[in-house]
Every structure is written in C-alpha cells, then in structure tokens.
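Report on one structure; see the data block that follows.
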Number of protein chains: 2
Amino acid sequence: MRLIVARCSIDYTGRLTTHLPEAVRLLMIKADGGVAVWHDGGSSVKPQNWMTPPTVIEEGDGQIVVRKLAGVTEDRLEIGIVEVLSDVTHDMGEAAALEKDGVERDLQEALAAAPAWCGEGFRLVRREWPTDIGPVDLMCRDHQDGWTAVEIKRVATIDAVEQLTRYLERIRRDPAMEFCAGVLAAQVIKPQARVLAEARGIACVEVDLDVVRGDREPELTLFA
Amino acid sequence: MRLIVARCSIDYTGRLTTHLPEAVRLLMIKADGGVAVWHDGGSSVKPQNWMTPPTVIEEGDGQIVVRKLAGVTEDRLEIGIVEVLSDVTHDMGEAAALEKDGVERDLQEALAAAPAWCGEGFRLVRREWPTDIGPVDLMCRDHQDGWTAVEIKRVATIDAVEQLTRYLERIRRDPAMEFCAGVLAAQVIKPQARVLAEARGIACVEVDLDVVRGDREPELTLFA
DNA sequence: ACTTAGATTTCGCCG
DNA sequence: CGGCGAAGTCTAAGT
C-alpha cells in the first residue's frame, strides 16, 4: 500500500462529476489498483474521492490520473499534485478476513432455534420457506396451530412491511394457508413501519439477539 | 491526521461483534477522533473496522482502545499492537467540500425544465407536489390534459414502483385526480421494476441527464 | 454474468 | 434530535 500526503486538487468524471479544490490530502493507493482520497475533516468511513479496481494509474508531470473502463465510457480521477509532503510504500502481506457476528443471518438462526420470541407458543415449521417471489425467513405454527410467516430484520423499515405483505399475498393463494398470519421481528422497528404493519394486521416484535440466545436476561419492560 | 502502520489484531463490539486476526494494517486516526482500519486487500472504500467521532482513545501497553458511548451500551474497538512499522502525523489544514453534479436532484431539475422527456406533450404543474405521505417529484399534465405524477430516480428498482404506487393511491383519493396516471423516469430502470410498473399501469421512461439538458444528442434508438 | 438483499450501510435534508 | 430517502452506495450470495 502506497501512502502519499500531498497538496492537490482533484476532478472526477464518471457516474457523476465532482471537483475538490486544492488542499492537503492523503492518497491511499492499494496494490490491486484501488485508490482513495482522504482529508482530515469529514467522514471517517467514506473517502472524498475513490476508484475501485481494476484501474490504470498514470503518473507524471505533476499529475496522477486514475482511469477505469465503465461500459462505453471511462471513469477518470485526475489528481493535480502541487506539493508532495510524504510518499511511502508498505507491504501488508496477505489479506485477513473480517469475522462478524450479529448480522441479520445470526438473528434468523437464533430465532429459528427459539421461535417463541416471535409469538406465544410458536413452533418452527421451516426456515427460508419458499414462495415464488423468494423465501420467507421463518414459517411457524402459533399456539392455535395457525400458520404464521415471520420476516426478520436487524432494523425494520416500511420496506420490510411491504416485503412481508407481498409474501403473505402469495402464501394466502394456497387455500390451506388462506389465513396465514404475519409477524415482523427485528432488533429495531421504526415507528412508521410499526404503524403500517399494524394497519395491515401484521404483528411487531422487537427482539434482542443476546436475549434470544439466552446470553442475557430479558429486560423487565418486556411484555409490560 | 495520524497514520500508523502496525502488525495488530482487532476486536470490535458494538452493534455487532467482529474479530480481525493479526496482520499488518494501516490505522488512520483523524483529528476529530474518527478511526479507520485498512488492509491492502479488500474494499477501497470501506475500512475493515472503524469508529466515528466522538470517541475516547486510550493508548498504551501495546494496545489502543477506542471507545464511544452508544446509548446505554458502549462501542469498543480494541487494537492489540504487536509491532509498529511507522507512526506519522500530518497537519492537513481546513476542510474543502466536495462539489457534486449529476445526482438525482440534478436529474429532477433537468426534467422539470424539459418535462416532455417524461411523456408526449407533458407540461409541468409543479415540482415536489405535496401528498400526506411526502412530495411527488413532478406533477404534470399530459397531451390530453390528464394529470400525471412522475417519480424520478437515478436507478429505479422495485422500491421506486412501490413508492409511486403509494403516492398514486393517495392522490387518486381526490375526485378531481381520480384518473391520475403515473410515470417512472430514471437513468436506469431495473427489469423487475419495469415488469411491476407495467403490471400496475405505470409507464417507464429511461432518460439521459446530458440529453435532457440538451448537452448531448439523443441516441437514434430512442422511440425506435 | 446478472440480480437481489443486507449493511456497524453512511450521509444529508427536513421536521 | 429523529425519521426518511439517496448513494459514484459497496458487497456477498444466489440463480
């Protein structure tokens, strides 16, 4: 990885066009051709400009040009170098993957193992119940043996309600599942999603991953 | 901005938990307390780990700990330093904002100035036509003087169709606009969005920003 | 190869 | 400050 600290101005043309006036910035150039431009202010996560590989990098004449074929046209990042303050290269060796726990998939697994958190007396029939427009996260039977489709999100927005509504519409075409109910289970449910869901007769359940796993005691406020 | 290149392992706990095994990485520490962790492989745009300000950074004993209050709990980034290969700080001065052109807003402006690109004989009634669930991008009259609501996207997915459908449902509650038509205008319309739109009687128009502005000649394939 | 859905999405605007 | 929509979203998985 090459790290250049330089006073520079930058123009990008591609899916849109942008301009950055002259300032001191960090240019991060990766071994695979990826380029990112950073400034001390602003976002810690998103560069001011960037280009993902594969790229062609041309350097010289007080300028670095990063080019990339994007369909018919060309994406282009033109970096006008006024003054180089530092220019170092570090060998970082092989990649090391990030191991994650706590994403939506993990919540689905935990709820599949303990479906009663989705509703009283719920028993799992199957995960990833297939419909012709995609799989429903969980299909359960409730305490009265009724069918219930469960949609799981980490954060549930109005889109999640629309998605579950589409699934229910397909599922209920089967006469045997004509009265299939719907439950939206999420770590966070946005207020508008809750309003729309309840207007459509869809139940909402907020769940905590650690509690579902049994790693943490439920708050006393639950079911209060 | 402080740039540390070090062999390190990293654990994050917060909205989820992650682990990174020992490897050489770049630690980018901004003046505002923002921290990002980079490796030579992988994304050019997203760090392996990060924490946005405000943070508290504690350093010492072969370890850097970045902490942040996140509601009741605490987000924590623990960086175990095995070997420091480089540690430099650069003053980058004041911020310099990015100027953009070509985002959705610009497409809306261009189509408002030339609504005929949305449909034959279209005349603009107003931009940001208000409904009780938010504003419709454009409200037009078509060549037969009928009302038409236009939803504009840079890339139109199935969500855009759902959004316009919700708007039309509200608009048509007004008896005077009972037959209001819908048009989805975008630089790119995804196939599934087109299918759903046409099933709902919503017209689809693909537009090019430069053409709408008159900066580029239309392709011969238009209207072919 | 293309499409879809998730993301510690992040970011910006507007109430 | 919270909610909502856009993003050069990016990225991984499934078809």
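As a basis for the values below, the full set of heavy atoms in this structure was taken, side chains included, without hydrogen atoms, waters or symmetry mates. Residue numbering restarts at 1 for every chain, and letters A, B, ... go by the order of the sequence lines. Quick caveat: nothing in here was measured; it's all calculated off a predicted structure.
Taking every side-chain heavy atom of A:Gln163 into account, C:dG6 is the closest of D:dG3, D:dG8, C:dG6. Proximity note for B:Lys153 (side chain, C-beta onward) versus D:dA6, C:dT10, C:dG6: the nearest is D:dA6. Proximity note for B:Val45 (side chain, C-beta onward) versus D:dC10, C:dT8, C:dG6: the nearest is D:dC10. Closest to the B:Lys46 side chain, of the nucleotides D:dG8, D:dT11, C:dT8, is C:dT8. Looking at the side chain of A:Glu104, the nearest of the listed nucleotides C:dT8, C:dG6, D:dG8 is C:dG6. Taking every side-chain heavy atom of B:Glu151 into account, D:dA6 is the closest of C:dT10, D:dA6, D:dG8. For B:Gln192, the side-chain atoms get nearest to C:dT4 when compared with the rest of C:dT4, C:dT8, D:dG8.
Between the side chain of B:Asp75 and the base of C:dT8, no donor-acceptor pair under 3.5 Å is found.
At least one side-chain heavy atom of B:Arg216 sits less than 4.5 Å from a side-chain heavy atom of B:Asp208. When side chains are defined from C-beta on, A:Arg213 counts as touching A:Asp106, because their heavy atoms get closer than 4.5 Å.
Residues B:Ala112 and B:Leu124 come closest through the heavy atom pair O-CD2, 3.5 Å.
Comparing D:dT11 with D:dA7, their C1' atoms are spaced 14 Å from each other, to the whole Å. Spacing of C1' atoms, D:dC10 relative to D:dA6, comes out at 14 Å, to the nearest Å.
Residue whose closest nucleotide on DNA chain C sits further toward the 5' end, between A:Arg166 and B:Thr18: A:Arg166. Sequence order on DNA chain C of the closest nucleotides to A:Val103 and B:Thr52 puts A:Val103 first from the 5' end. Each of A:Ala193 and A:Asn49 was assigned the nucleotide of DNA chain D with the nearest heavy atom; the assignment lying further toward the 5' end belongs to A:Ala193.
Atom P of nucleotide C:dG15 and atom CD of B:Glu128 are separated by 11 Å, given to the nearest angstrom. For the pair B:Gln108 CD and D:dA7 P, the computed distance is 11 Å after rounding to whole Å. One interatomic measurement links the two molecules: CD of A:Glu162 to C1' of C:dA5, which rounds to 16 Å at whole-angstrom precision. Per the geometry, CH2 belonging to A:Trp50 stands 6 Å off P belonging to D:dC10, to the nearest Å. With rounding to whole Å, A:Ile133 atom CD1 is found 12 Å from C:dT4 atom P. To the nearest angstrom, C1' of C:dT9 lies 9 Å from NZ of A:Lys100. Protein atom CG of A:Asp159 is 11 Å distant from nucleotide atom C1' of C:dA5, rounded to whole Å. Between the CE atom of B:Met51 and the P atom of C:dT8 there is a distance of 13 Å, rounded to whole Å.
When the side-chain nitrogen and oxygen atoms of A:Arg15 are compared with OP1 and OP2 of D:dC10, one or more of them lie within a distance under 4.0 Å.
Remark: B:Lys68 NZ is packed, more than 12 non-hydrogen atoms of other residues, nucleotides or ligands lying under 6.0 Å away.
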Residue pair B:Thr18, B:Asn49: steps toward the side chain to side chain donor-acceptor pair (under 3.5 Å) verdict: CA-CA 9 Å; B:Thr18 68; B:Asn49 277 122; 3.2 Å; yes

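Using a 4.0 Å heavy-atom criterion, one finds that B:Arg105 contacts no nucleic acid atom at all.
Relative ring orientation between A:Trp38 and B:Trp38 is described as perpendicular, the plane-to-plane angle rising above 60° on a 0-90° scale split at 30° and 60°.
Summarising the base pairing, D:dG8 is matched to no nucleotide, lacking a Watson-Crick or G-U wobble pair whose two defining distances lie under 3.5 Å.
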